[in-house]
Amino acid sequence: MTVRTRFAPSPTGFLHIGGARTALFSWAYARKHAGQFILRIEDTDVARSTPEAVQAILDGMNWLGLSWDEGPFYQMQRMERYREVIDQMLTEGKAYRCYCSREELDALREQQMASGLKPRYDGRWRPEPGKLLPEVPAGVEPVIRFRNPQAGVVEWNDLVKGSISIANSELDDLIIARADGTPTYNFCVVVDDWDMGITQVIRGDDHVNNTPRQINLLQALGATVPQYAHLSMILGDDGQKLSKRHGAVSVTQYHDDGYLPEAVLNYLARLGWSHGDDEIFDMAQFCQWFDLDHITPSAAQFNTEKLNWLNAHYIKLADLERLSADVAQRLSAQGVSVAAEPALPAVLALYRERANNLNELAASVAYFYRMPPIDEAAYAKHVSADVLPLLQSLSDALQQAEWTVEAIHAALDQVVKAAEVKFPKLAMPLRVLLTGGAQSPSIDAVMCLLGRETTLQRMHLPLAS
RNA sequence: GUCCCCAUCGUCUAGAGGCCUAGGACACCUCCCUUUCACGGAGGCGACCGGGGUUCGAAUCCCCGUGGGGACGCCA
C-alpha cells in the first residue's frame, strides 16, 4: 500500500514553526516511501478562517519548498460529502440528534467540574432500547452526536509515543454537526482521512486526545484506521510555550530576518528527530534518512543560536549569484542601490564567511556602494595625527600601483617598513576610513574591490582636513 | 479536578541490558592561525529527576514518587 500523508492546517493564522515541522515530517515521510503528500485546509471554523491565512500558509510551504502532490483541498467545499455521511449515520443509528441548549451543557459542565469529574456529555438524548427520551423542545435546532461506544478501550500503537490506550468511559458522544448543520473538526478529519486514503497521520500531540474519538468514528464508518504519529510540541527559546503573544512567528518571518530556507529546514529536521550524530544535511539526504522511529517523544526547545550556526553554514555554501540577488534586494530596501562595480558576487565572496544572516551580510557590504557613516570611537582610536604621513605616502604609492591584491599589499608593506611601524598601525586607520569601522576582511582585498578611485578618495578624508 | 503523555550536559540530541570512566552538535572558556573582527583548527567545561525493584550487570526493563506538558468547546 502506498504511503499517503497529509498536512491539515486550519487557516486561522500563519504557518508557524511548529506547523512547519509537522509539515516537514509528513512531507519527508511521504518522500521517503515514494508516497503522496496531501495538503488539506481545515476551514470549517468559518468565523476564524481567512483567505489571507490560507495564502500565508501556502507562502510558508512554498518558501520552505514543501511541495504537495494533491490539494489543497478545502473542507468547506466538501460539505455535501459530510452531510451524506451524517445522514447515513443517522439512518443507521450511529448518530443521533441532541436538543440540549448551550446553557444546559454549560451548567452540566460546571456541575461536573465542581464535583471533581471530567466534564462530559451525559447522554440524555442518546437513544437506548426501552429508554424514554425527553420531549423535543420547540424552536431548538438539534446538534448531531456520534454514538460513541461506552465499554472497552481504544488502543493504538502510536508511531512516536508507543502504545496509548484510553477507556471509552472517558469519552462522550461528541458533536459531529452543529445546530446550523455544519460538521465539526473531528468528524471532518475522519471523513477526509478516510476518503483521501491517508495511511499515516503525522500531527501535533495536542491531538492525542482526539485520536480515540476519531478511531471510534472510523470504525463506525467501517473505514481503515490509519497509523498515528504524534509529534511533541516545540517550545520557545525560553522554554515557554509558543503563542501569538509569545514568540510564535510565521516561517516567512525567517526569510525577512535573513535566514535561508535550507537552514531553517535543516534546523527543524533536527528538532525532535535525529540520525546518529549527523547535524548537517540537505533535504534529499533527509528524505532518505527520515523515519518515525527516531523521533523524540518529549517536547523540544527552540534554539536560535543553533539555527544561526546552520544559517551561517549555508550562507558559506550558497551559490553566489543566488546570494547576490537576495542581498541586492535587501540593500535596495535600505535605499542602497548596488552599482555594477564592485560586482556584488565578488564582494559577497569576501564577506559571506562572517555573516550569521542575510541582513547582516547586506549591512556589512553596504559601504561598497555608498559612503559609510564613520564609527567615531574607532576613528578616534586609530586615525591619530601620526598616521597621516603614512596615509600620505601610501596614497602616493597607490597612485600608480597595479590594482591587484598583491600589488596593494606590497605598497602597504613598503610604507610600513619605511616608517618602521607594525602593520596594524596602517591597516586599522585604513579600515576605519574605507569601511567606516574597525572590522573588515583583509584590508588589501577590501581596497582591491573598492577600486582605486574610491579608496584614494576615502583615504584623503583626514588628509584634507 | 479527571484522563493522557513526557523526563540524558544550559539547549538539540546519541543511547533498544554489558561497546557508557555516557558520544556528537550549538552556546561558553582556553590556545593556535592572524592584518582587526570573523572563519577555521586543537583542547576544556558540562547530564542519565529521586526512590525502590528485576538482573551477574540498568541511562536503557518494571513500580512508586516528583516535576513538566497536553486534553477535557456547537475551536481546530
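This is a predicted model, so every value here is computed, not measured. Per chain, numbering begins at 1; letters A, B, ... match sequence-line order.
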Legend entry - Under-3.5 Å donor-acceptor pair between Asp277(A) side chain and rG23(B) base: yes

Inset, instruction - Kindly say whether the aromatic ring centers of His313(A) and Tyr267(A) come within a distance under 6.0 Å. - result: no

Inset, instruction - Give Pro441(A) one of three labels, base, sugar-phosphate or nothing, depending on what nucleic acid heavy atoms sit under 4.0 Å from its own. - result: base

Inset, instruction - Write down the distance separating the P atoms in rU8(B) and rC49(B), rounded off to the nearest Å. - result: 6 Å

Legend entry - Euclidean distance, atom CG of residue Asp206(A) to atom C1' of rC3(B) [Å, nearest integer]: 16 Å

Legend entry - Any Arg48(A) side-chain nitrogen or oxygen under 4.0 Å from OP1 or OP2 of rA76(B): no

Inset, instruction - Could you check if a side-chain atom of Asn216(A) sits within less than 4.5 angstrom of a side-chain atom of Leu171(A), using non-hydrogen atoms only? - result: yes

Inset, instruction - Measure from the side-chain heavy atoms of Tyr185(A) and tell me the nearest of rC5(B), rC74(B), rA76(B). - result: rA76(B)

Legend entry - Comparing Lys161(A) and Glu305(A) on RNA chain B - which has the more 5′ nearest nucleotide: Lys161(A)

Legend entry - Phe7(A)/Trp27(A) aromatic ring centres below 6.0 Å: no

Inset, instruction - Using the P atoms only, state how far rA22(B) lies from rA58(B), rounded to an integer number of Å. - result: 16 Å

Inset, instruction - Just compare rC74(B), rA25(B), rC72(B) and give me whichever is closest to any side-chain atom of Lys118(A). - result: rC72(B)

Legend entry - Toward the 5' end of RNA chain B, by each residue's nearest nucleotide, Met113(A) or Lys241(A): Met113(A)

Legend entry - Spacing between Leu307(A) atom CG and rC12(B) atom P, to the nearest angstrom: 14 Å

Inset, instruction - With the side chain counted from C-beta on, respond yes when Tyr254(A) and Leu307(A) share a heavy-atom pair under 4.5 Å apart, and no when they do not. - result: yes

Legend entry - Any Arg145(A) side-chain heavy atom under 4.5 Å of Trp125(A) side chain: no

Inset, instruction - Please determine, for the side chain of Arg109(A), which listed nucleotide (rG1(B), rC74(B), rU36(B)) has the closest atom? - result: rC74(B)

Inset, instruction - Quickly work out the Gln439(A) CD to rU34(B) C1' distance and round it to whole Å. - result: 15 Å

Legend entry - Nucleotide nearest Met233(A) when distance is taken to its side chain, options rU35(B), rG69(B), rA7(B): rG69(B)

Inset, instruction - Identify whether any heavy atom of Gly272(A) sits under 4.0 Å from a base atom; if not, whether one sits that close to sugar-phosphate; answer base, sugar-phosphate or nothing. - result: sugar-phosphate

Inset, instruction - Compare the minimum distances between each of rC3(B), rU11(B), rC74(B) and the side chain of Gln301(A), then state the nucleotide with the smallest one. - result: rU11(B)

Legend entry - Selected nucleotide, minimal atom distance to Lys316(A) side chain, candidates rG73(B), rA71(B), rG40(B): rG40(B)

Inset, instruction - Compare side-chain N and O positions of Ser274(A) against OP1 and OP2 of rC12(B) and report whether any pair is under 4.0 Å apart. - result: no

Legend entry - Minimum-distance nucleotide (side-chain atoms of Asn209(A) versus rC12(B), rU35(B), rA71(B)): rA71(B)

Legend entry - Closest to side chain of Arg270(A), choosing from rC26(B), rU35(B), rG24(B): rG24(B)

Inset, instruction - Could you work out which one of rA25(B), rA7(B), rC4(B) sits closest to the side chain of Lys306(A)? - result: rA25(B)

Legend entry - Nearest-Å distance for atom pair NE2/P, residues His275(A) and rA25(B): 17 Å

Legend entry - Contact under 4.0 Å: Arg178(A) side-chain N or O vs rA76(B) OP1/OP2: yes

Legend entry - P spacing across the pair rC31(B) / rU13(B), given as an integer number of angstrom: 33 Å

Inset, instruction - Look at the side-chain N and O atoms of Lys381(A) and state whether any lies under 4.0 Å from the OP1 or OP2 oxygen of rU36(B). - result: no

Inset, instruction - Could you check whether Asp444(A) gets within reach of a base, just the sugar-phosphate, or nothing at all, counting any heavy atom under 4.0 Å? - result: base

Inset, instruction - Among rC12(B), rA27(B), rU35(B), find the nucleotide with the atom closest to the side chain of Ala300(A). - result: rC12(B)

Legend entry - Thr435(A) versus Ser440(A), closest heavy-atom pair with distance: CG2-CB, 4.0 Å

Inset, instruction - Run the salt-bridge test on Arg124(A) and Glu104(A) with the 4.0 Å N-O cut-off and return the result as yes or no. - result: yes

Inset, instruction - For rA16(B), take OP1 and OP2 only and decide whether either is under 4.0 Å from a side-chain N or O of His294(A). - result: no

Legend entry - Distance in angstrom units between Asn210(A) CG and rG73(B) P, rounded: 11 Å

Inset, instruction - Look at all strands and tell whether Cys100(A) reaches a base, only sugar-phosphate, or nothing, counting heavy atoms closer than 4.0 Å. - result: base

Inset, instruction - With C1' as the reference atom in both, quote the distance from rC9(B) to rC4(B) in angstrom, rounded to an integer. - result: 29 Å

Inset, instruction - Determine the contact category for Thr44(A): base if any of its heavy atoms lies under 4.0 Å from a base atom, sugar-phosphate if only primed atoms, P, OP1 or OP2 are that close, otherwise nothing. - result: sugar-phosphate

Legend entry - Interatomic distance where CG belongs to Leu171(A) and P belongs to rG73(B) [whole Å]: 12 Å

Inset, instruction - Measure the distance from CH2 on Trp309(A) to C1' on rC26(B) and round it to the nearest whole Å. - result: 7 Å

Inset, instruction - Using a heavy-atom cut-off of under 4.0 Å over every strand shown, decide if Val208(A) touches base, sugar-phosphate, or nothing. - result: sugar-phosphate

Inset, instruction - Look at Ser442(A) and rU35(B) and indicate whether a side-chain polar atom (N or O) is within less than 4.0 Å of OP1 or OP2. - result: no

Inset, instruction - Report the distance from atom CE of Met76(A) to atom P of rC75(B), rounded to the nearest whole Å. - result: 12 Å

Inset, instruction - Output yes when a side-chain donor or acceptor of Ser10(A) lies under 3.5 Å from a complementary backbone atom of Asp43(A), and no otherwise. - result: no

